[in-house]
Amino acid sequence: MRRPVVLRLLVALGIGLLGVAVAPVAMGAPTTAGQAYVALGDSYTASPLTGPIAGPPPGCLRSANDYPHLVAERSGAQLTDVSCSGAQTRDLAAPQQTSGGVNPPQYDALGPGTQLVTVGIGGNDIGFGEIVQSCVSPTPFGTPCRDRWTAGGTDQLEQRIDTLAGRLDDVLDEVGSRAPDARVLLVGYPSVLPAQGPGCYPVVPYTAGDVEYLRGVLGHLNDTIAEAAAEGDATYVDTFTPTVGHDVCTLPGTRWIEGLVPTAPALPVHPNALGSEALARAVLATLGVPAAA
């Protein structure tokens with residue numbers, strides 16, 4: 001079990017621009033051109049409602065505008081995107097039932113020929129949707145969310161994240177076993193709440209004290225993901241830092257993560273199209289591929 005650190009709370013149909021690998025020196029082509037790329041993950045990967053649905057089952061709400069599609073389009077990688085809204089780590093290994101069909105085990109997309117893998121998972125393991133709903137407060141006072149999750153002297157969300165650490169180890173072990181020659185990127189979650197300050201009650205009805213608490217939860221989650229990557233021969237993609245200042249409390253046009261009542265196409269408290277772009281840029285930067293490639 002890991003020692004907790006601190007919660008930095010959350011891509012155009014995969015065309016496969018090149019059918020064969022191109023040498024990195026050839027006209028400045030990215031090293032990912034032609035690589036077999038598999039994207040695993042949850043709704044922060046699938047980016048629901050930000051573009052046309054990409055592939056079955058429709059219940060996954062996987063968007064053709066999610067970051068895997070944008071990364072593939074701009075890097076020349078050949079994408080297989082099996083991300084699915086609502087996915088937990090267990091759904092990587094087993095069929096996932098959705099309201100619109102069954103998503104096969106995400107691991108099934110991996111194979112010895114896979115050269116690049118992105119994994120964005122963990123938020124649903126700790127109860128993301130439950131947290132979002134339970135922390136709504138009818139008044140701007142106190143810390144009702146923190147009080148709920150720390151009742152009895154034990155921080156339940158901290159415990160869930162610590163449990164997730166072992167699951168992430170298992171995920172990376174399985175990915176490495178199925179795709180032994182792949183470069184693996186473990187993608188963190190973006191800046192959902194303001195990186196500092198009291199929040200924006202009542203637009204986002206979380207008290208100032210609970211915003212601080214949830215900020216810590218997201219930090220702990222991201223640190224746990226980063227630690228798993230470091231220990232599991234993977235590369236961590238920091239999506240928190242480049243999305244600071246574009247959280248749920250910012251104005252439309254600046255906002256990359258929608259609030260409880262979205263003002264742009266997206267699920268509540270999920271990336272909109274601008275957010276998908278930002279996540280794609282973070283992945284491309286980690287790969288060393290220019291965002292405009």
Review point. Sub-3.5 Å donor-acceptor pair from the side chain of Thr163 to the main-chain atoms of Gln159, do we have one?
Key: yes
Point to revise | Flag if over 12 foreign heavy atoms under 6.0 Å of CG, Asp233 | key: no
**Study point:** Approximate separation, where rounding is to 0.5 Å, of Arg160 CZ and Leu164 CG
**Key:** 11.5 Å
Check your understanding: Roughly how far apart are Phe128 CZ and Leu157 CG, rounded to 0.5 Å?
Key -> 12.0 Å
Check your understanding: Does any pair with a residue in residues 164-205 pass disulfide bond (SG atoms under 2.5 Å apart), and if so which ones, sequence neighbours excluded?
Key -> Cys200-Cys249
Review point. Checking Ser177 side chain against Asp173 main chain: does a donor-acceptor pair fall under 3.5 Å?
Key: no
Exercise for review: Report the distance from atom CD of Glu212 to atom CG of Leu193, rounding to the nearest 0.5 Å.
Suggested key: 12.0 Å
Exercise for review: Given side-chain contact (heavy atoms from CB on, under 4.5 Å), test Val237 with Thr118 step by step and report yes or no.
Suggested key: CA-CA 9 Å; Val237 180; Thr118 57; over 6 Å; no
Point to revise | Student check: side-chain heavy atoms of Ile121 and Leu168 closer than 4.5 Å | key: yes
Exercise for review: Determine whether the side chains of Asp155 and Tyr213 contain a donor N or O and an acceptor N or O closer than 3.5 Å.
Suggested key: yes
Point to revise | Tyr236 vs Leu185 side-chain heavy atoms within contact, under 4.5 Å | key: no
Exercise for review: If a pair satisfies disulfide bond (SG atoms under 2.5 Å apart) and one of its residues is in residues 99-183, list it, with sequence neighbours excluded.
Suggested key: Cys135-Cys145
Review point. In terms of side-chain heavy atoms, does Thr50 have a donor or acceptor partner in Asn272 at a distance below 3.5 Å?
Key: no
Exercise for review: Report yes if some heavy atom in the side chain of Asp91 is under 4.5 Å from a heavy atom in the side chain of Asn103; otherwise report no.
Suggested key: no
Check your understanding: Quick one: does Val184's side chain get under 4.5 Å of Thr235's, heavy atoms only?
Key -> no
Practice item. Please examine the side chains of Ser75 and Leu284, heavy atoms only from C-beta on, and report whether any two atoms are closer than 4.5 Å. Key: yes
Practice item. Kindly say whether Ser43 contributes a backbone atom to a donor-acceptor pair with the side chain of Ser85 at under 3.5 angstrom? Key: no
Review point. About how many Å separate OG1 of Thr32 and CZ of Arg74, when rounded to the nearest 0.5 Å?
Key: 13.0 Å
Review point. Crowded around Arg90 CZ? As in, over 12 foreign heavy atoms under 6.0 Å?
Key: no
Check your understanding: Donor-acceptor pair, Thr254 side chain versus Thr250 backbone, under 3.5 Å?
Key -> no
Point to revise | Leu110 side chain near Val117 side chain, heavy-atom distance below 4.5 Å | key: yes
Point to revise | side chain to side chain donor-acceptor pair (under 3.5 Å) partners of residues 179-188, not counting sequence neighbours, each pair once | key: none
Review point. Tell me, do Val248 and Val192 make a side-chain contact under 4.5 Å, heavy atoms counted?
Key: yes
Review point. Taking only residues two or more places apart in sequence or in another chain, which ones pass side chain to side chain donor-acceptor pair (under 3.5 Å) with Thr207?
Key: Asp210
Check your understanding: Can you check side-chain contact (heavy atoms from CB on, under 4.5 Å) on Tyr37 and Thr80, steps first, answer last?
Key -> CA-CA 6 Å; Tyr37 166 31; Thr80 301; over 6 Å; no
Check your understanding: So, Ser137 side chain and Pro140 main chain: donor-acceptor pair closer than 3.5 Å or not?
Key -> no
Check your understanding: What's the verdict on side chain to side chain donor-acceptor pair (under 3.5 Å) for His270 and Ser47, showing C-alpha distance, side-chain angles and the deciding distance?
Key -> CA-CA 7 Å; His270 276 74; Ser47 197; over 6 Å; no
Review point. Ignoring hydrogens and geometry, is there a side-chain-to-backbone donor-acceptor pair from Tyr189 to Gly122 under 3.5 Å?
Key: yes
Exercise for review: Indicate whether any N or O donor in one side chain lies under 3.5 Å from an N or O acceptor in the other, for Tyr201 and Thr139.
Suggested key: no
Review point. Among side-chain atoms of Thr263 and Glu258, is any donor-acceptor pair under 3.5 angstrom?
Key: yes
Point to revise | Exam field: side chain Thr98 to backbone Gly100, donor-acceptor pair closer than 3.5 Å | key: yes
Review point. Do the non-hydrogen side-chain atoms of Leu116 and Val38 ever get within less than 4.5 Å of each other?
Key: no
Check your understanding: Does Val102 share a hydrophobic cluster with Tyr107, counting links as ILVMFWY side-chain heavy atoms below 4.5 Å and allowing steps through other members?
Key -> no
Check your understanding: Are there more than 12 heavy atoms of other residues, nucleotides or ligands under 6.0 Å from atom CD of Glu174?
Key -> yes
Exercise for review: Take Thr241 and Asp238 through the test side chain to side chain donor-acceptor pair (under 3.5 Å) and record every step on the way to the result.
Suggested key: CA-CA 6 Å; Thr241 301; Asp238 174 15; 2.6 Å; yes
Practice item. Taking only Lys NZ, Arg NE, NH1 and NH2, and the carboxylate oxygens of Asp or Glu, determine whether Asp108 and Arg178 approach each other closer than 4.0 Å. Key: yes
Exercise for review: Check for a donor-acceptor pair, side chain of Asp125 on one end and backbone N or O of Thr89 on the other, with a separation under 3.5 Å.
Suggested key: yes
Exercise for review: Starting from the C-alpha separation in whole Å, work towards a yes-or-no answer on side chain to side chain donor-acceptor pair (under 3.5 Å) for Gln88 and Asn124.
Suggested key: CA-CA 5 Å; Gln88 300 184 30; Asn124 293 317; over 6 Å; no
Practice item. Check whether any side-chain N or O of Gln35 sits under 3.5 Å from a backbone N or O of Gly76 as a donor-acceptor pair, and report yes or no. Key: no
Review point. Does the pair Ser83 and Asp81 meet the rule for a side chain to side chain donor-acceptor pair (under 3.5 Å), with working shown?
Key: CA-CA 6 Å; Ser83 62; Asp81 183 1; 2.8 Å; yes
**Study point:** Backbone of Leu40 reached by a side-chain donor or acceptor of Gln106 within 3.5 Å
**Key:** no
Point to revise | Where at least one partner belongs to residues 67-123, residue pairs that pass disulfide bond (SG atoms under 2.5 Å apart), sequence neighbours excluded | key: Cys60-Cys84
**Study point:** Nearest-0.5 Å distance that lies between atom CD in Glu73 and atom CG in Asn65
**Key:** 9.0 Å
**Study point:** Separation of Asp223 CG from Ile161 CD1 (nearest 0.5 Å)
**Key:** 9.5 Å
Check your understanding: What residues, two or more places apart in sequence or in another chain, satisfy ring pair (Phe, Tyr, Trp, His ring centres under 6.0 Å) together with Trp256?
Key -> His246
